[in-house]
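In what follows, chains are A, B, ... by sequence order, proteins preceding strands, each numbered from 1. Heavy-atom basis, side chains included; hydrogens, waters and symmetry copies ignored.
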Amino acid sequence: MRIQTMLENIRDTWKSLIEEELALYAAEKVGDVGPLPPLVAQTPPKPELGDLAFPLFAYAKIFHLGPPALAQSLKERIEKRAGHPAGQILISGPYLNVKIDTASLATALAAKIGEEQDRYGTNDSLGSKRITIEFSCPNTNKPLHLGHMRNDSLGMSMAAILAANGATVRKVNLINNRGVHICKSMLAYQKFSEGETPESSGIKGDHLVGNYYVKFAQWAKEDPTAEAQAQAMLKAWEEGDSEVLELWQRMNDWTMAGLYESYESMGISFDAFYWESETYKYGKDEILKGLENGVFYREEDGSVWVDLTRDKLDKKVLLRSDGTSLYITQDVGTAIMRHKDWPFDAHIYVVGSEQQYHFKVLFRTLQLLGYSWAENLHHLSYGMVNLPEGKMKSREGTVVDADELLSSLSALAEEEIRSKGREGEVGDLRETSRAIALGALNYYLLQVTSSKDMIFNPAESISFNGNTGPYLQYMGARISSMLAKFHSESPEVEALGFDASLLSLSDERELVKLLARYPEVVAKAGDQYDPSLVTAYLYELSKLFSRYYHDNPVLKAPSPELVRSRIELVRMVNQVLKNAFALVGIPYLASM
RNA sequence: GCGCCAAUAGCUCAGUCGGAUAGAGCAACUGCCUUCUAAGCAGUAGGUCGUAGGUUCGAUUCCUACUUGGCGUACCA
């Protein structure tokens, strides 16, 4: 159970007070009317209208009163009551609005953020839960591309968000290192490479292997036997042909070395790796067990099926007629093995939306096999990443390569820093540029509702202006330098202490409320598996803060007391920025 | 054919539980750097929320049909 935030507390106090008054009023005015419709709490569209809004439309009929008149009467009745909570009732047409006492909220918030620091915003609602999240899962025949990056951003972010909600999270990566597609790059390498290696060519291993995957496709266009040769190689691999296995091992090592390097530079990490070469035979026994238990059935040709027509999922084959495994077979086996390995309460698969049907079938099949944990499997499905001119196609060379994208973004960030003449102030120039590139990319990818397809516009993605990661990072950098200046120039002001009543500007009140709302955002992002809630929050906070500190001097505020109190607000914004950045893969930069 | 998903400004995206005048960014145009970092701030302009019905005091939001687009519907992964 999640603990209520301060803001929710205030809202609920007012809500029950008004509900109580409504009930009393109804009893007086119209007698016994039974239970009233529940009161709805909303946020007014504009700050001038108050902080909480309670629409009264639903009560008009019962009271035989127009909502505006009802709002007026309620206001008068509540104001007469002794000891109503701090705040002010404002009537706006049919709405009864409340302007809450943000000074006391700010005081409590400053204490809370000061105490919790990096933990502010986290909760323990998933405190007893063990959750695995499986993502990335690349093939070992080519380097990472933009599609993987959306997957990785989502996986990393969700892992952080779930941990912030108290879960013990285990990030796993199942490497697809076998299959006919792997044999294709191997075959092309055998035929065309003349023995080049990453060392001899100076090409990063995953890119080198990827080049041969492309070469295979070209060759297969001319030679109709190419596909069959690849199949033959797979057969040899499965039979343990030592020459094939040796080549496979060597090329896999190259690819993995390249992928590890990419992960490292993109800040992506895992708690465990699994290898399809070791798991691909799993699941067969489980399917046969299900056959014995009568939850599956066998066709005349020997293939094994599950009938999911009642779930509107049709009949699906689980084992080929020759007794060999399929994709779904090994997914069944892998899931069971994974649960034995590290018993989880929930398991999340971060996989593209094109596999929704597959996962529905997988989950239902595991349920039929009697695994109770199968109820808690989730497919975190994300849409495709397309380009403005259409789909990315590796054959047409329109795939956006992850390494290239990241290094070109880094180069642009570096150029930007130089053009501002700040290369002396940002510490390690390369590191800072890389951090900006990463923040830009993660923010770009996580901003969009994950289930939707998105269009990746290269021109737009390299812009660091507007609603972008660097815009957010810039806030942090500005705050950092402001705080540093405060400490060096006027340390004596610190002792004046925080007086929240001095923060009476509209933007200050809005900032306080927004900061108080952050824990709700973390909780909701965890509930809904939706990092875009965090990115949206970050933009709102940065936008508001940008305007605030542009219009209102902090260090040169009219009085030292006001300086001190504004500094407290700035510190709170800084802490929340840092905490939220960590959830969506945006590096915090003290200087940029 | 059947199933799942989407459709909001020129473009890319937000839009809370059905609620007040539907919001950002980019692109266009206008101001603001002797100023806590202009990767910024403020403003102008830009909308039949795909179409048609329905439910409701009230619909971008819920329901139905249709149109358009994407994905799936393999003894591929």
Side-chain angles (χ1 to χ4, degrees), chain A residues 38 40-46 49 53 55 57-58 60-61 67 92-95 97 139 176 178-181 276 280 299 301-305 312-314 316-331 352-358 360 381 383-384 386 388 391 413 416-417 419-420 422 425 436 440 444 447-449 451-457 459-461 463-475 477-486 489 524 532-533 535-536 539-540 543 546-557 563 566 570 591-592:
Chain A
V40 178
Q42 296 172 342
T43 308
K46 283 180 150 187
L49 296 171
F57 302 99
K61 268 187 193 164
S92 173
Y95 293 86
N97 292 353
N139 293 323
N176 296 301
R178 70 163 286 282
V180 70
H181 51 300
E276 201 191 338
Y280 78 103
E299 282 286 349
D301 63 3
S303 53
V304 178
W305 294 70
K312 293 183 179 171
L313 294 171
D314 223 329
K316 302 301 295 181
V317 66
L318 299 174
L319 222 48
R320 287 195 186 94
S321 49
D322 65 5
T324 57
S325 299
L326 291 122
Y327 179 47
I328 183 115
T329 323
Q330 68 176 275
D331 263 9
S353 56
E354 68 274 13
Q355 293 197 37
Q356 277 184 29
Y357 181 59
H358 169 76
K360 279 184 191 162
S381 144
M384 305 207 141
N386 297 320
K391 296 184 68 163
E416 181 81 20
I417 292 168
S419 76
K420 296 173 77 181
R422 291 188 56 82
E425 300 177 59
I436 292 169
Y444 191 94
Q447 228 185 338
V448 180
T449 306
S451 60
K452 286 192 184 178
D453 288 356
M454 67 182 288
I455 292 179
F456 180 88
N457 186 328
E460 194 182 298
S461 76
S463 159
F464 297 149
N465 302 321
N467 187 357
T468 63
Y471 171 78
L472 306 176
Q473 289 173 313
Y474 182 63
M475 286 307 102
R478 290 288 298 269
I479 289 174
S480 271
S481 80
M482 194 191 296
L483 292 175
K485 207 162 186 172
F486 174 73
E489 287 177 8
K524 199 170 171 187
S532 74
L533 296 175
T535 55
Y539 185 64
E540 198 184 344
K543 185 95 176 129
S546 290
R547 185 177 67 200
Y548 169 66
Y549 87 132
H550 180 269
D551 294 348
N552 304 285
V554 175
L555 300 178
K556 289 176 187 159
V563 171
R566 284 184 175 171
V570 169
S591 183
M592 65 185 280

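- Note on A/Asp331: nothing from the nucleic acid sits closer than 4.0 angstrom, heavy atoms only.
- Taking every side-chain heavy atom of A/Asp453 into account, B/G70 is the closest of B/C36, B/A77, B/G70.
- OP1 or OP2 of B/C5 has not a single side-chain nitrogen or oxygen of A/Ser451 nearer than 4.0 Å.
- OP1 or OP2 of B/C57 has at least one side-chain nitrogen or oxygen of A/Lys61 nearer than 4.0 Å.
- Residue ring and nucleobase are not stacked for A/Phe57 and B/G58 under a centre distance beneath 5.5 angstrom and an angle between planes beneath 30°.
- Straight-line distance from the CG atom of A/Leu318 to the C1' atom of B/C76: 15 Å, rounded to whole Å.
- Here the separation of B/C5 from B/U64, taken at their P atoms, is 11 Å to the nearest Å.
- Across all strands, A/Ile417 comes closer than 4.0 Å to base atoms (heavy-atom distances).
- You'll find that the side chain of A/Lys543 is closest to B/C41, out of B/C13, B/A38, B/C41.
- Rounded to whole angstrom, the span from the CZ atom of A/Phe464 across to the C1' atom of B/A38 amounts to 16 Å.
- Each of B/U35, B/C41, B/A14 was ranked by its minimum atom distance to the side chain of A/Lys452; first place goes to B/A14.
- For A/Gln447 and B/G15, the CD to C1' distance is 14 Å, given to the nearest whole Å.
- Distance check: A/Lys391 NZ to A/Asp453 CG gives 8.5 Å after rounding to the nearest 0.5 Å.
- In this structure, A/Phe456 atom CZ and B/G70 atom P are separated by 22 Å, rounded to whole Å.
- B/A9 and B/G46 are spaced 15 Å apart, taking the P atom of each and rounding to whole Å.
- Counting any heavy atom pair closer than 4.0 Å across all strands shown, A/Ala459 reaches no nucleic acid atom.
- When heavy atoms are screened at a 4.0 angstrom cut-off, A/Gln473 is found touching no nucleic acid atom at all.
- Side-chain atoms of A/Thr329 come within 3.5 Å of backbone atoms of A/Leu318 as a donor-acceptor pair (strictly under, hydrogens ignored).
- Its glycosidic angle being more than 90° from 0, B/C26 falls on the anti side.
- Here the side chain of A/Glu460 is nearest to one of B/G25, B/C4, B/C13, namely B/G25.
- At whole-Å resolution of the value, CE in A/Met475 and P in B/G40 are 7 Å apart.
- The partner of B/A20 cannot be assigned: no Watson-Crick or G-U wobble pair with both contacts below 3.5 Å exists in any strand.
- Aromatic rings from A/Phe57 and A/Tyr95 are positioned such that their centres are separated by under 6.0 Å.
- As judged by a 4.0 angstrom heavy-atom cut-off over every strand, A/Val40 is placed among the base-contacting residues.
- For A/Glu354, taking side-chain heavy atoms from C-beta onward, the closest of the listed nucleotides B/C71, B/A77, B/G40 is B/C71.
- B/G72 and B/C2 make up a base pair, with Watson-Crick or G-U wobble contacts both under 3.5 Å.
- Put simply, A/Lys420 has a side-chain N or O that comes within less than 4.0 Å of OP1 or OP2 on B/A39.
- Between A/Ser92 and A/Ser353, the residue anchored closer to the 5' end of RNA chain B is A/Ser92, taking for each the nucleotide with the nearest heavy atom.
- The phosphate of B/A74 has neither OP1 nor OP2 within less than 4.0 Å of any side-chain N or O from A/Arg320.
- Residue contacts shown for A/Asn457 are absent, as no nucleic acid heavy atom lies under 4.0 Å away.
- Counting any heavy atom pair closer than 4.0 Å across all strands shown, A/Ala58 reaches no nucleic acid atom.
- Listed pair A/Tyr357 / B/A77 fails the phosphate criterion, with no side-chain N or O lying under 4.0 Å from OP1 or OP2.
- For the salt bridge (Lys or Arg N to Asp or Glu O under 4.0 Å) test, residues two or more places apart in sequence or in another chain that qualify with A/Glu540 are A/Arg517.
- Contact annotation for A/Ile436: base contact, defined as any heavy-atom pair under 4.0 Å involving a base atom.
- In this structure, the CG atom of A/Asp551 is 7 Å from the C1' atom of B/C41, given to the nearest Å.
- With both ends at atom P, the span from B/C36 to B/G25 equals 25 Å, rounded to whole Å.
- At a threshold of 4.0 angstrom between heavy atoms, the contacts of A/Ala41 include nucleobase atoms, whether or not backbone atoms are also involved.
- A/Tyr539 comes within 4.0 angstrom of the backbone, heavy atoms only, and of no base.
- A/Thr324 comes within 4.0 angstrom of nothing in the nucleic acid, heavy atoms only.
- When distances run from any side-chain atom of A/His550 to the nucleotides B/C41, B/G25, B/A14, the shortest one goes to B/C41.
- Of the candidate nucleotides B/A39, B/C36, B/C76, B/A39 has the atom nearest to the side chain of A/Glu416.
- The phosphate of B/C2 has neither OP1 nor OP2 within less than 4.0 Å of any side-chain N or O from A/Lys312.
- Using a 4.0 Å heavy-atom cutoff across all strands shown, A/Gln42 reaches at least one base atom of the nucleic acid.
- Rounded to the nearest Å, the gap between the C1' atom of B/G43 and that of B/A24 is 15 Å.
- Within the 4.0 angstrom heavy-atom criterion, only backbone atoms of the sugar-phosphate kind lie near A/Thr449; the bases stay farther away.
- Contact annotation: A/Asn465 reaches the phosphate of B/G40 (side-chain N/O to OP1 or OP2, under 4.0 Å).
- Rounded to an integer number of Å, the gap from CZ of A/Arg547 to C1' of B/C41 is 10 Å.
- Among the heavy atoms of the strands lying under 4.0 Å from A/Met454 are primed sugar atoms or P, OP1, OP2 only; no base atom is included.
- The interatomic distance linking A/Lys46 (NZ) with B/A20 (P) rounds to 13 Å, in whole Å.
- The C1' atoms of B/C41 and B/C4 are separated by 45 Å, rounded to the nearest whole Å.
- Looking at the side chain of A/Lys391, the nearest of the listed nucleotides B/C71, B/A14, B/U12 is B/C71.
- Atoms CD and NZ, on A/Glu425 and A/Lys420 in that order, are 10.0 Å from each other to the nearest 0.5 Å.
- Closest approach to the A/Tyr95 side chain among B/A39, B/C76, B/A20 is made by B/A20 (side chain taken as heavy atoms from C-beta onward).
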